[in-house]
Amino acid sequence: MKSDIEIAQEAVMKPIKEVATSLGMTEDDLELYGKYKAKISNEYFDKIKDQEDGKLILVTAINPTPAGEGKTTVTVGLGEAFGKLDKKAVIALREPSLGPCFGIKGGAAGGGYAQVVPMEDLNLHFTGDFHAITAANNLCAAMLDNSIQQGNVLNIDPNQVVWKRCVDINDRVLRNIVVGLGRKVDGVVREDHFVITVASEIMAILCLATDYADLKERLGKIVVAYTYDGQPVTAKDIQAVGSMAALLKDAMKPNLIQTLEHTPALVHGGPFANIAHGCNSVKATKTALKMADYVITEAGFGADLGAEKFLDIKCRKAGLNPDCIVLVATVRALKYNGGVPKDRLSEENLDALAKGIVNLEKHIENLQKFGVPVVVTLNQFVTDTEAEYEFIKKFCEDRNCEFALAEVWAKGGEGGIALAEKVLETLENKPSNFAPLYADELSIKEKIETVAKEIYGADGVTYSPEAEKAIQKIEEMGYGNEPVCMAKTQYSLSDDMTKLGRPTGFTINIREVYISAGAGFVVAITGSIMTMPGLSKKPAAFGIDLTDDGKITGLF
């Protein structure tokens, strides 16, 4: 079988102007970035904003394992399958981060014959959105330090600077640094930190802002530091809003590309779901809903992270109402959750499947709590057996959950028709009664504990002394009604990545809490999760190269 990048490089793409024409768009509605990618103009959204919304379908997954799940692959394949059924569909995805691309996870364009293209462009610099976000973040940091250096008229306490610099590369040595070393003119010496760009509040703001006015209002609310007497200092206070907004002007516009089968795909924004809210931009989703009858979007990592935040943060903030949720699993991943080592996953093992399927069971239960109908799909591997499929199918149907097999990796849209038909049947026969998991009026602790107990299955929550003080401060500042964004390992329902399946008898440990006032949520850091990943001993970057004739190899 060819690699993903080989399949993508052999694809015959349509000029993006032709893909746009299939949606009724004209060249004037696009801002072209070469032949095969474009940004959608602000004027186009104004033109279609009064059209009726299509159906919104969320694709999520069980907790990720080394065995692979294929959430983006299924998202892309499902969109292609709708096209095979002559349905007008658009896919709405996140942009990949360079961190995992050169780290361990690889790209985020899908896989096999269910990919978005141009794959290399998407996984690398694309249209420059992440660079703009990085620049805006670091401009704010520079202006903050300059405010301290130039007389500190805002009375900023250098020991209470909370705004961090960012870079979109896994670089562990930047997690904790000292800045301002050297002469007096080189700045005030203080401890500083970096996060990966996808964990920056600027990324979250870009993905939740609806227009330039909303963007600037949100940027102005960012809390960057505190004064010596404990008062918050904002990006507006240091006069950074206008210049940051200028850097983000084009990054605010959704990007249009295509799948291997020319299904339109809006790819925009990319916050990580384990350390941020994990969804593509509100602007891209809302634009897609006006463009098509069916919009298929995805949320990062497992349903305990991306889907919970999509439903409790993005839908709450943007007034979105999902009509159906597709929950992706693989036979291999379920057996891995049942204790089978990675090198034995190709063998049929119904006993291990029965042990590991509890992870899928918990995710089904969680999603049903939001009142949205659920369809479970298995991303097919050639080593799967019919007995394993029948076991999972019956398990799902016994829990009032529809089931379909997805063969999109090998067959593209053709392999997703069974899933597409099951989704259409669900949309027709099972109404969505979506409601977020918790009310705005609950306290921050009550919201954290609701997610921990209802979604993760924890017995309770413990808080570090620092987290306790931070929660009290945040509520005193008037942000107690904001939703919570839980930063947690993606590999387990608990905050301990080694606890697979459906762990019980555990508590969630909150070590840090802070306000992302511009994004409009409270971040709770659990366990040992880090906002700046590191590279592995053998990162993916070892295998990536450029040939003498300009061809990229080894990207995925």
Side-chain angles (χ1 to χ4, degrees), residues 1 3-4 59-74 77 104-106 110-114 301-305 307 325-368 374-411 415-416 418-419 422 456-457 489-494 496-506:
M1 185 68 184
S3 69
D4 290 347
V59 180
T60 184
I62 63 171
N63 292 98
T65 69
E69 289 69 44
K71 174 166 43 63
T72 306
T73 301
V74 170
I104 193 169
K105 182 176 176 288
Y113 289 92
F301 292 126
D304 56 318
L305 289 168
I325 298 175
V326 176
L327 178 57
V328 179
T330 62
V331 171
R332 292 166 57 85
L334 294 175
K335 287 189 289 192
Y336 185 86
N337 270 291
V340 176
K342 192 177 177 182
D343 60 357
R344 301 285 299 275
L345 293 172
S346 298
E347 304 168 14
E348 181 177 283
N349 190 330
L350 294 177
D351 289 338
L353 192 57
K355 291 178 183 175
I357 205 168
V358 294
N359 186 265
L360 174 63
E361 178 183 46
K362 178 58 174 162
H363 288 298
I364 291 172
E365 290 175 10
N366 288 347
L367 294 172
Q368 288 175 337
V374 179
V375 177
V376 169
T377 189
L378 289 178
N379 183 21
Q380 186 189 50
F381 280 73
V382 293
T383 55
D384 299 345
T385 70
E386 196 62 35
E388 290 169 331
Y389 288 152
E390 286 302 316
F391 179 87
I392 297 167
K393 182 175 185 290
K394 184 177 186 306
F395 184 91
C396 295
E397 291 174 347
D398 286 348
R399 285 153 182 80
N400 191 31
C401 188
E402 300 295 335
F403 175 87
L405 189 62
E407 303 174 77
V408 296
W409 185 85
K411 299 180 181 178
L419 174 59
K422 186 62 70 174
Y456 308 155
T489 178
Q490 64 269 33
Y491 298 112
S492 172
L493 285 160
S494 74
D496 179 350
M497 64 181 293
T498 65
K499 296 182 185 295
L500 302 181
R502 184 175 183 167
T504 57
F506 68 92

Which heavy atom in A303 sits nearest to a heavy atom in L367, and how many Å separate them? CB-CD2, 4.2 Å
To the nearest 0.5 Å, what is the distance between OH on Y336 and CG on L345? 8.5 Å
Quick check: are there more than 12 heavy atoms from other residues, nucleotides or ligands sitting under 6.0 Å from NZ of K355? no
Are the side chains of Y389 and D384 in touch, meaning some heavy atoms are under 4.5 Å apart? yes
Does the side chain of F403 come within less than 4.5 Å of F395's, by heavy atoms? no
Could you walk me through whether Q380 and K411 pass the side-chain contact (heavy atoms from CB on, under 4.5 Å) test, one step at a time? CA-CA 10 Å; Q380 186 189 50; K411 299 180 181 178; 5.6 Å; no
Between atom CD1 of I357 and atom CD of E388, what is the distance when rounded to the nearest 0.5 Å? 10.5 Å
List the atom of A410, the atom of Y113, and the distance in Å for their closest heavy-atom pair. O-CD1, 3.5 Å
Could you walk me through whether H363 and L493 pass the side-chain contact (heavy atoms from CB on, under 4.5 Å) check? CA-CA 9 Å; H363 288 298; L493 285 160; 3.8 Å; yes
So, do F391 and T385 sit near enough that their side-chain heavy atoms are less than 4.5 Å apart? no
Where do G111 and T73 come nearest, in terms of heavy atoms and distance? N-OG1, 3.1 Å
Can you measure from CG (L405) to CG (L419) and round to the nearest 0.5 angstrom? 9.0 Å
Rounded to the nearest 0.5 Å, what separation is found between the NZ atom of K422 and the CD atom of E402? 4.5 Å
Non-hydrogen atoms of N400 and Q368 that approach each other most closely: O-NE2, 3.6 Å
Kindly give the heavy-atom pair with the smallest separation between T377 and A404, and that separation in Å. OG1-O, 2.9 Å
On a heavy-atom basis, which atom in A352 and which in V340 lie closest, and how many Å separate them? CB-CG2, 3.3 Å
If you round to the nearest 0.5 Å, how far is CD of E361 from SG of C396? 10.0 Å
Passes side-chain contact (heavy atoms from CB on, under 4.5 Å), L360 versus I392? Steps please. CA-CA 10 Å; L360 174 63; I392 297 167; 4.3 Å; yes
CG (N337) and NZ (K335) are apart, to the nearest 0.5 Å, by 12.5 Å
Go through the steps to decide whether K394 and D398 satisfy the test salt bridge (Lys or Arg N to Asp or Glu O under 4.0 Å), and finish with yes or no. CA-CA 6 Å; K394 184 177 186 306; D398 286 348; 2.9 Å; yes
What residue among N63, N359, T489 forms side-chain hydrogen bond (donor to acceptor under 3.5 Å, both in side chains) with D304? N63
Ignoring hydrogens and angles, tell me if any N or O in the side chain of S492 forms a donor-acceptor pair with the backbone of K499 under 3.5 Å. yes
